[in-house]
Structures are given as C-alpha cells and as structure tokens.
Asks: 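Structure below; questions to follow.
Here is how names work: the chains are called A, B, and so on, in the same order as the sequence lines, proteins then strands, and each is numbered from 1.
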Amino acid sequence: MTEDKLPTRKENFSEWYNQLVVKSELADYAPVRGCMVVRPYGWTLWENMTGGLDRRFKETGHTNAAFPMLIPLSFFEKEKEHVEGFSPQLAVVTHGGGEKLEEPLVVRPTSETIIGYMYARWIKSYRDLPVLINQWGSVLRWEIRTKLFIRTAEFYWQEGHTAHSTEQEAREETLRMLDVYADFAINDAAIPVIKGEKSETEKFAGAVQSTSIEAMMQDTRALQSGTSHFFGQNFAKAFEIQYLDPSNTLQYCWTTSWGLSSRMVGAVIMTHGDDQGLILPPKIAPLQVVIVPIYKNDTEKSSVLESTNSVFKDLKDSGIRVKLDDREEVTPGFKYNYWELRGVPVRIEIGPKDVEQQSVTVARRDVPGKSGKSSFTKAEVAAKMHPFLLEIQDALLARATAFRDEHIHEPASYDDLKNIVQDGWAFAYWCGSTTCETKVKEETKATTRCIPLEGQPKVAGKCVVCGNKAEKKVYFARAY
RNA sequence: CGGGGCGUGGCGCAGUCCGGCUAGCGCGCUUGCAUGGGGUGCAAGAGGUCGGAGGUUCAAAUCCUCUCGCCCCGACCA
C-alpha cells in the first residue's frame, strides 16, 4: 500500500484518477487484461448505490430474476443491428468438459437475446403483460483500452427488461426508468445529470430509441451514466415474443431495456474528488464518519478513549456508518490523510482539549483545512450529525452543478464550438444529420451526447455546423 | 502489422556498456523504544532461482542465441 501524494487533477487528470482508484483501495488490476478486482471498500460503495437503485426499481413495480451468463451464439444473429453492434466485443466459449462444443456459447455482453427467448415462451396472453423484470449481474465486452470502473471488459450492472402490450406503455416505461436513474444520480450520488435522447449513431445496437443521463466530469468530459432503450418490436419479431390480445388476435410485444453500471462509481470519483483524494456523498459513502483520538500519554489516552468510545456508540446507535480509528502505530496526521484519501465525509477529532471542554472537533471532507472545522458539544454530536451529513450532501450537488453550468456554453458559430469543446460542452442547434455529427467528431473529437428532453427552445434555429434549419438543440462534448 | 522501449524483493529503481567477494538503494512490511492537534523519529529484522531456456567462461544480472510478457508511437478498428 503506497501512501504517496497523488498527482493533482490539473497536472494530469487521467493519472490522478488511475492512482486514486488503486490507492483508496476501491479496486485493483486483475491478472487478466481488461478485468478489475473490486475491493471491499469499492464494493461497499457499489452496494450502497445498488441498494438505492433496487429500492426504486421495486417501488416502480419491478422484480429481480437471474438469467444465464452463457448464451448460444445463434441468438445474437437473430437481430441484425444487434449482432453488428456487438460481434466485435464478444468473448466466445468453444470448449467445455474437454470437448469442442457443437454450438459456441457467448459470454453475455448484455441479455436482450436470451431474455427475449424466454419471454417468448412465457408470454401467451395480454393478461401476462406487462413483464417487468430486472437482473443484477456482470457482463463481458472485449476491450483493449481499459480504465478501472469506466471501461473494463467485465463490469457489474443491472439490466431491466420489460415487455408491454402497447407502444405507448413501452415508451412510458423507458422514460420512467430514465427518471429513476436521474433521481438516483442527483439525490444519492449528488451528480447532476441531463436526460436526453441519443442520436442515430450513438444509440444502442438494435434500439429504436435510446435515452441516457449524461454527467460532466471535472475534466469537462461527458460520461454516459445510465441508459434506457425503447426497442419497438425489433426484438419481439426476432424472438417471436407474441401475445393474444382481447380480440384473440396475435400481436407482437413492445419491449424495453435499461441499465446502469459500476461505471457510476467512476462518475462519483471524477465528479467530487479533489487533489487529496475521494470525496464521497454521505448517502452512499461506506463510512460517513471517522473518529480520530489524539493523546500524548497514558493519562490522556484513557480519558480520550473514553470519550471516543462514547461518541462512537452514540453515532452508531443513531444509524450513522462510523469508524473509530484507534490504531496506535500511526499518528493523527497520518490518519487525516489516510481517511481524506478515502473520501470519508466527516472526521471527528477528539483530544485532551476536547475532553476538557466536553466537545469534539468536526472536520468536513468537502471543505479542506481550518475553514471546514467546527466544534460540536459531545452531547449533541449524534443529534446534529444527520442534518450535517445532509448539508454536505447538498453542498456536493450544488458544487457539481455550478461546475457543470460554468462549463456549458452556447456557441455563436462553428469556430466557437470548436473552442468550447476543448474545455466544456457546447449546447447548440443541430439539424440531425449524421454528416454534421461526423464532421464535428472528426474535427474536434467531440460527439453528440444527447438531445435533452427538457429545456428545448420553442422556435427553430440554424444548425451550428451546416446552417440548415434545426428544430432541436444537442450537447456536443468529448466523452469517456 | 511497422518502429522504439522495458522486464532485478510487494512497489519504484541502480548495477549491464567494460563479467569477479555475501546483488544494492528508496518506499512499503515485521519487532522494539520513543513520539502523537496535519503524511513522526531511531534501531533491529524478514523478503530476490536478476522474465524463461540454452550457450560462452575458472566465474554471468552483466557477453551470445532463441523465447515469453508488458508499455509507448504509428497503422487498423469503433
């Protein structure tokens, strides 16, 4: 375990991220290229995220199930765009039990095909609809360039798959789950996101329409943090997912899928972290409070530990995720840096002076140095901690929102757009043509992120690239 | 696929050109003592078939041949 200083975000944002993930013990590199090991601290963070999502899925009527990891290769060939989109990324199992398999099996890169196959068997009548199933698991997409949490071959996620009797109901489901993702991102992860529709080139392979939530990282690059797809009847026709309607006519279902992955962990790191390390939002932080005792000799030690123990108990009893760092072999200063690197939202310091005054010193992770320190009386710590954590949660969201808004600009011209996307997002009229989109990508590396669902102008304008009539505005940005 | 670079304790490196005692250094790790309100100091330890195979030699981390792996740049792909 190395505890050297991180590079600053300004010096080298990418290197800051790579080292931070490893040093904070969120994750580590696995012996297989492209794969990562999620360490206990990182997995606890992910669990706190999945918990918030899973609760929301249940509230919106979904139930969990599990589908197999291995999928017959032939399944992928049933939907044309789907196979074209995924075949370069597939890992294929050709042997089992020492023998060559009759049909190769694909390690799932996503589960539309196998779930579609099962839905076709289960759905017979309009009375069986809607089917609202979610699956938690991992998937594998072959990747060369990897970055822990952001792009790895295997990653953890959930994928919801639903089938409906009408187009409208399926479209509503897609937007409902996009709202769930946005609500989670904003309120739990304190990440402001923009909901929008993907362009033809950016949408999911096989979808009629893809929508996503897009977040801005501190290097101003965009990160797609959750997606929701409307498939129309594409998969229903490929897998014959059919039902008899009330008039005894055979109909194809309308299906959707939606997913949010462990990439969200990367989003939390790159949205909130600073040069000292992680800054975790209290709602999802594995530890919300860490207590550091300070003493010089045995006399001080016993009175200080008495105080830390009682504060620890008060906080724990009130439902706070708290840790007492009573290690004797490292100094308090070392512990400050250690827990700051790991992003614990609140640090409580208790020394002889605090004991004497029946108080504790409280330091906020999101406000470094003396200005983030204040004093609570010992008796009120537990009562004050809940609102204090909420205040921090709000401050993180406000800071991230301000940062994002400062880096979104509306270009006055195409040249202006080229400048803007070097250090921000450009919000501009776009005619919708792939030609214009591709031109921007080739000349600036920026792609269209999404056509936002909200905040569209009432009147048409001119495409920032070609000058033709444009109905809607889109975000252009460099993306992960 | 083309060009360049690197493999030496857990991590980062020196030593290789010009072969020679027991292969060093920093960080980390273990133990002890002191220290303790912002990355503490001192001392004693543990830990290496020098990427692998073969060869030259009295003697190889060092020279020769083959081989494996990784990184960077370019090409290709999205």
Asks: Identify whether any heavy atom of E300(A) sits under 4.0 Å from a base atom; if not, whether one sits that close to sugar-phosphate; answer base, sugar-phosphate or nothing.
Replies: nothing
Asks: Using heavy-atom distances to pick each residue's nearest nucleotide on RNA chain B, tell me which of P332(A) and E329(A) is more 5'.
Replies: P332(A)
Asks: When rounded to the nearest Å, what value does the distance between C1' atoms of rU57(B) and rC63(B) take?
Replies: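 To the nearest whole Å, 10 Å.
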Asks: Would you tell me whether T174(A) and S228(A) have side-chain atoms, one donor and one acceptor, within less than 3.5 Å of each other?
Replies: no
Asks: On the side chain of N297(A), is there an atom forming a donor-acceptor pair with the base of rG36(B) - under 3.5 Å, no angle test?
Replies: no
Asks: Could you please name the partner base of rU65(B), counting Watson-Crick and G-U wobble pairs only when both distances are under 3.5 Å?
Replies: rA53(B)
Asks: Contact class for P352(A) (heavy atom, under 4.0 Å): base, sugar-phosphate, or nothing?
Replies: base
Asks: Tell me: CD of Q19(A) to C1' of rG12(B), nearest whole Å?
Replies: 12 Å
Asks: Say you pick atom C1' in rU22(B) and the same atom in rA61(B); how far apart are they, in whole Å?
Replies: 15 Å
Asks: What distance, rounded to whole Å, do you find between the two C1' atoms, one in rG47(B) and one in rA53(B)?
Replies: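 It works out to 27 Å between them.
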Asks: Heavy atoms only, 4.0 Å cut-off, all strands: where does K353(A) land among base, sugar-phosphate and nothing?
Replies: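 It contacts base atoms.
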Asks: Write down the distance between CD (E200(A)) and P (rA78(B)), rounded to a whole number of angstrom.
Replies: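 Spelled out: CD on E200(A) to P on rA78(B) is 17 Å.
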Asks: When the C1' atoms of rG15(B) and rC21(B) are considered, how many whole Å apart are they?
Replies: 16 Å
Asks: Is a donor-acceptor contact shorter than 3.5 angstrom present between the side chain of R347(A) and the base of rG38(B)?
Replies: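 Yes, a donor-acceptor pair under 3.5 Å.
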Asks: Using whole Å, report how far CG of N337(A) lies from P of rG37(B).
Replies: 12 Å
Asks: For G206(A), does its backbone N or O pair with a side-chain atom of H229(A) as donor and acceptor, under 3.5 Å?
Replies: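 No, H229(A) side chain to G206(A) backbone: no donor-acceptor pair under 3.5 Å.
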Asks: With rounding to whole Å, what would you report as the distance between rG5(B) and rA14(B) at their P atoms?
Replies: 15 Å
Asks: When R478(A) is tested against each of T447(A), D219(A), T220(A) for side-chain hydrogen bond (donor to acceptor under 3.5 Å, both in side chains), which residue passes?
Replies: T220(A)
Asks: In whole angstrom, what separates D298(A)'s CG from rG36(B)'s C1'?
Replies: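 Atom CG in D298(A) sits about 12 Å away from atom C1' in rG36(B).
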Asks: If you look at every strand shown and take non-hydrogen atoms under 4.0 Å, does V292(A) touch a base, only sugar-phosphate, or nothing?
Replies: nothing
Asks: Which value, in whole Å, describes the distance between the P atoms of nucleotides rU62(B) and rC6(B)?
Replies: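 Those two atoms are separated by 16 Å.
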Asks: Roughly how far apart, to the nearest Å, are rC25(B) and rU35(B) at atom C1'?
Replies: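 Result for the C1' pair: 27 Å, nearest Å.
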Asks: Taking any strand in view, what nucleotide pairs with rG2(B) in a Watson-Crick or G-U wobble way, both distances under 3.5 Å?
Replies: rC73(B)
Asks: Could you check which of rG38(B), rU40(B), rG36(B) has an atom nearest any side-chain atom of I294(A)?
Replies: rG36(B)
Asks: Between G85(A) and P88(A), which heavy-atom pair has the shortest distance, and what is it?
Replies: O-CD, 3.7 Å
Asks: Under a 3.5 Å cut-off for both contacts, is rU16(B) paired Watson-Crick or G-U wobble with anything, and if yes, with which nucleotide?
Replies: none
Asks: Using purine N1 to pyrimidine N3 plus N6-O4 or O6-N4 for Watson-Crick, or N1-O2 and O6-N3 for G-U wobble, each under 3.5 Å, what pairs with rA59(B)?
Replies: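 Looking at the geometry, rA59(B) pairs with no nucleotide.
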Asks: Looking at E340(A) and rG38(B), is any side-chain donor or acceptor paired with a base atom of the opposite kind under 3.5 Å?
Replies: yes
Asks: Taking the same atom, C1', in rC64(B) and in rA46(B), what whole-Å distance lies between them?
Replies: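 About 37 Å, rounded to a whole number of Å.
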Asks: Below 6.0 angstrom between ring centroids: does that apply to F427(A) and W425(A)?
Replies: no
Asks: What pair of heavy atoms forms the shortest contact from I150(A) to A267(A), and how long is it?
Replies: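 Looking at all heavy atoms of both residues, the shortest contact is CD1-N, 4.4 Å.
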Asks: Under a 3.5 Å cut-off for both contacts, is rC42(B) paired Watson-Crick or G-U wobble with anything, and if yes, with which nucleotide?
Replies: rG32(B)
Asks: Closest to the F334(A) side chain: rU40(B), rG36(B), rG38(B)?
Replies: rU40(B)
Asks: With RNA chain B as reference, determine whether K441(A) or G369(A) sits nearer its 5' end, using the nearest nucleotide of each.
Replies: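 Result: G369(A).
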Asks: Answer yes or no: is there an ion pair linking E197(A) with K472(A), defined by an N-O contact shorter than 4.0 Å?
Replies: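 Judged by the 4.0 Å cut-off on N to carboxylate O distance, E197(A) and K472(A) do not form a salt bridge.
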Asks: Measure the distance from NZ on K23(A) to P on rG28(B) and round it to the nearest whole Å.
Replies: 12 Å
Asks: Please state how far atom CD in E15(A) lies from atom P in rG12(B), giving the value in whole angstrom units.
Replies: 12 Å
Asks: In whole Å, I'd like the distance from the CZ atom of R327(A) to the P atom of rU40(B).
Replies: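 It works out to 11 Å between those atoms.
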Asks: Ignoring backbone atoms, test whether T331(A) places a side-chain nitrogen or oxygen under 4.0 Å from the OP1 or OP2 oxygen of rU40(B).
Replies: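 Indeed, a polar side-chain atom of T331(A) lies that close.
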Asks: Rounded to the nearest angstrom, tell me the gap between atom CZ in F204(A) and atom P in rA78(B).
Replies: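 Interatomic distance, CZ of F204(A) to P of rA78(B): 18 Å.
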Asks: Give none if rG10(B) has no partner; otherwise give the nucleotide forming a Watson-Crick or G-U wobble pair with it, both distances under 3.5 Å.
Replies: rC27(B)
Asks: Salt bridge check: are D274(A) and R365(A) linked by an N-O gap of less than 4.0 Å?
Replies: yes
